[in-house]
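So you know, we letter chains A, B, ... as the sequences are listed, proteins then strands, and number each from 1.
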Amino acid sequence: MTISQEIANLTEDSGQDLPEENVQIGSIQGTVVGLRYYTGTVNRGEMVSLVREPQNPYDRNAVMVANVYGRQVGHIKKELAAPMAYIMDNNLARVEGVVPYGETNKFSMPVNLTFWSKEENRDAVHNQMRRHGFKLGTEFKGSLIWYSTKTSLGRDLLIFVTSYQLKNAFDKLFDDLMEDKTREMEPAEAVCTALLPHQKQALSWMTSRENSNDLPPFWEEKSGLYFNVLTNFAVKERPEKVLGGILADDMGLGKTLTTIALIVSNFHNGKPLPLEQITMCCRTLTHTIVILFICVDHEESCEPVSSSHLKRLHADGVSADTIEEDAPQKKGWLLFCVLMQCTLLFESLGLARFFFFFFFKEVSYAQNTIKTVVLKNIIDQFEQHIRADVTLKVYLYYGAERKRSVKLLSEQDVVLTTYNVLSSDFGNKANSPLHKVNWLRVVLDEGHVVRNPNALQSKAVLELQSERRWILSGTPIQNSLKDLYMLMSFLKLKPFDVKEWWSRIIQRPVTMGDRVGLKNLQVLVKGITLRRTKNSKVAGRMLVQLPERRVFVQHVTLSEEEREEYEQVRKEGRKIIGRYFEEGTIMTNYADVLAILVRLRQYCCHPGLVAKYTGADDPGTPNELREHLINKITLVLNSGSDEECAICLDSLRQPVITYCAHVYCRPCICEVIRSEKQARCPLCRAQIKTRELVEYPGEEMQAGAATGENWRSSSKVDALMSNLLKLRQEDPTVKSLVVSQFTRFMDLIEVPLREYGFSFTRLDGTMAQKTRAKAIQDFQDSSPGNPTIMLLSLKAGGVGINLTAASHVFMMDPAWNPAAEDQCVDRCHRLGQSRDVVITKFIVKDSVEENMVKIQKKKQELVEKAFGVKKPMDLKQARMEEIRALMEI
DNA sequence: ACCGCCGGGTGCC
DNA sequence: ACCGCCGGGTGCC
């Protein structure tokens, strides 16, 4: 059982609803009567659906016949309807109809009826029919081959092709169908980020899909009728436009950026969204133009956490009995975060035996916090990519205090919310403002998470009124072809938005290995999807082609003197922490623990980094204790250490300190407080209040690491210098980034750099915007005399910083968060980098640093375990993977 | 429906 | 004439 299957089993209906598990148990020709009373028409070879009509006043056995568009065609003749009604009502079989000929008849027409059911129902069905004088035969191969009357008698269509054949067939098709998706489009001026070529292509494609007046995919106009080339259906009415589609680019290709560009670039009539300039231009809105952006967990963690994950964690020694089943997702996350935090603390102290020593009785807080973090990320993206002098009205429809005003929502340019909020509003019938607005555009971020059509959130999504609809997803098919059905349903791509037709035309043929079915699926997906992977090629060139990235770990041995000092600090630290354990106050003394850790890490880098240790003074009054701890944690943060927020597990943003001396991102902890009646600290369960949160004052320049005459080197600095000197000797043009979390360490490194005549520059969080830009510019300039080394603080600057001039990165000290290190490397290993990038990580042997590396790995494993990133594949799964690979989705 | 069925008109050849 | 036959009216469930 894979995790995704477990989830699927939890949520999906079974048995009767899976037609692919049914077999054809017989068929018979019947008659559709009463044609002249209804408007529904059919074509030769077209499928019809049979619907029981128990309320019919003339015959409670009535079986109504409808065409693909749901228009009634007629009824099944009453004699036949009688046994059929019994079979249908008792779920003995599904009956499907195809009209083989006589499509122009005025009064009645034949219909080939095919009965599908489980083998065990075969006799019951046959007997029931026989009792009414009907004999089921096998003369029709059934609706599987509805699509061509010419071949409907042939048997050769039931060919089960091998996956190899499938792939070949697909590749061929793919070439034929490759439409031009390479046209580029410039975004509106309000977008300040330069789009990459493939993003401009996506923008162009999305824009054309929104503005096009063309018929929806697969429709053609033929002599006054609208003809669906995919299905052979024809209708008189022009089919409804499908404005939108699926943007299924791989992770990291910038789906969000492209969508933001689309939002501002394609408003009405292909014109950009009129944005408020600083100079105030009047915004005239002709109709509701709000865009709903629905987002869920971050891309990497798209698998919801199910109760099975909790069980896994349980196996690691954690009691999960307090976790209610109804919200396993949220609680799983939370549990996960807390565990992570504990792991880090204990393991880094070599106290692994205390691993999960304690656990919180109550983990029901902060249920929604993680969502906030994701939403916050998206808002950040808007801020990052939209020019600062234009105002986009973005409303975060989230949290208990969200304003449920249709008017307010209608006035926004963008409304962000989560699937949870949407469905909880939708559940409270008649009071869902999101469902009362006519949106211009609805975008489902990570749209594949909405995949079970029976789930409330799916229904809520489907009920949204919108002109244009988009699905963003790196993996639109998560688990089964059915996932796609939900997406078609959302896009209102007729007739696939109705389960029966989706099943009969696509789902069943494909699962049975029918190649025409597969072809149709391909055409269908291709027509509405833009999908590129990192390996996709544009005009023969890789979409994103990056040079190699190699990581080396260089172990550093401390000198005897350094080792002595280190051991002494470690012993002291263990003593103090050991006492906290005995007292059971480890979490209340969190700040102290952190401070000890930071000191150890600093010793690994350079003894001169370490601030004078004040010792674990006996606390006086509780207030004094708090003050003491707050000072301590401020010290930790001031050192530049990359601490994590225990709620979002990411690097701290706008850090605040609680009275109980725990540090969180302000938005994260505020959300916790908001969502709880009696807010408690996630780490120690002390009561917390918003007004008691203490702002972290921000990085201050620390007085004097000894950079003057007292300067001495350290083993790590020596290791760095020998690397740099060797590099310079080999190739003087090579540029390097020297990265540390401790800004004062950077001060210290400056000394030998100067001494050896290196030209260097520096970038850290304390620098003014202007100075930073200058530093980057100088460094990027390759002309002689410009710096070849940049001292970079791990968290300096936004994601956008471009340091491609560097091809070597020296990570001076490990971070808690591997992602932070990766992001840092990304600043030079990105588009524009021409050389291979070599990353050297210095790790001090037998030290807290080695433990941190272990933790990084463990954390990765835990993440994988919890989110099922690496899951074993069984056969069904493998089949799914195959299809997914074939479809390139 | 160029059918079937119903029910009124009609009634030797 | 309590039938047969004719031909008009009519027609899903």
To the nearest angstrom, how far is A:M109 atom CE from C:dC12 atom C1'? 13 Å
For DNA chain C, which residues in residues 53-65 of chain A have a heavy atom at a distance below 4.0 Å? A:N56, A:Y58, A:D59
When rounded to whole Å, the CG to P distance for the pair A:L80 and C:dC13 reads 11 Å
How many angstroms lie between CD in A:E103 and CG in A:L35, if you round to the nearest 0.5 Å? 11.5 Å
Which whole number of Å gives the distance between the P atom of C:dT10 and that of C:dC6? 22 Å
Given the C1' atoms of B:dG4 and C:dG11, what is the spacing between them in whole Å? 10 Å
Report, as yes or no, whether the 6.0 Å neighbourhood of atom CZ on A:R238 holds more than 12 heavy atoms from other residues, nucleotides or ligands. yes
Paired to C:dC3 by Watson-Crick or G-U wobble criteria (both distances under 3.5 Å) is B:dG11
Span that lies between the C1' atom of B:dA1 and that of B:dC5, in whole angstrom: 12 Å
For C:dA1, does the O4'-C1'-N9-C4 (purine) or O4'-C1'-N1-C2 (pyrimidine) torsion place it in syn, i.e. within 90° of 0, or in anti? syn
Tell me, yes or no, whether the heavy-atom count around A:E220 atom CD, taken from other residues, nucleotides or ligands under 6.0 Å, exceeds 12. yes
Between A:M206 and A:T259, is the side chain to side chain contact (heavy atoms under 4.5 Å, CB included) condition met? List the steps. CA-CA 9 Å; A:M206 291 177 94; A:T259 307; 4.2 Å; yes
Could you check whether A:K77 gets within reach of a base, just the sugar-phosphate, or nothing at all, counting any heavy atom under 4.0 Å? sugar-phosphate
How long is the gap from OH on A:Y38 to CZ on A:R71, to the nearest 0.5 Å? 14.0 Å
Who passes ring pair (Phe, Tyr, Trp, His ring centres under 6.0 Å) against A:H132, sequence neighbours left out? none
Please list each protein N or O that sits under 3.5 Å from an N or O in nucleotides 1-6 of chain B, with the distance.
none

Rounded distance (Å) that lies between atom P of C:dC12 and atom CD of A:E79: 13 Å
Check if the side chain of A:Y38 and the base of C:dC12 share a donor-acceptor pair of N or O atoms closer than 3.5 Å. yes
Measure the acute angle between the ring planes of A:F496 and A:W502, then classify it against the limits of 30° and 60° as parallel, tilted or perpendicular. perpendicular
Value rounded to 0.5 Å, distance of CG in A:L434 from OH in A:Y397: 5.0 Å
Other residues, nucleotides and ligands only: do more than 12 of their heavy atoms fall within 6.0 Å of CD on A:E120? yes
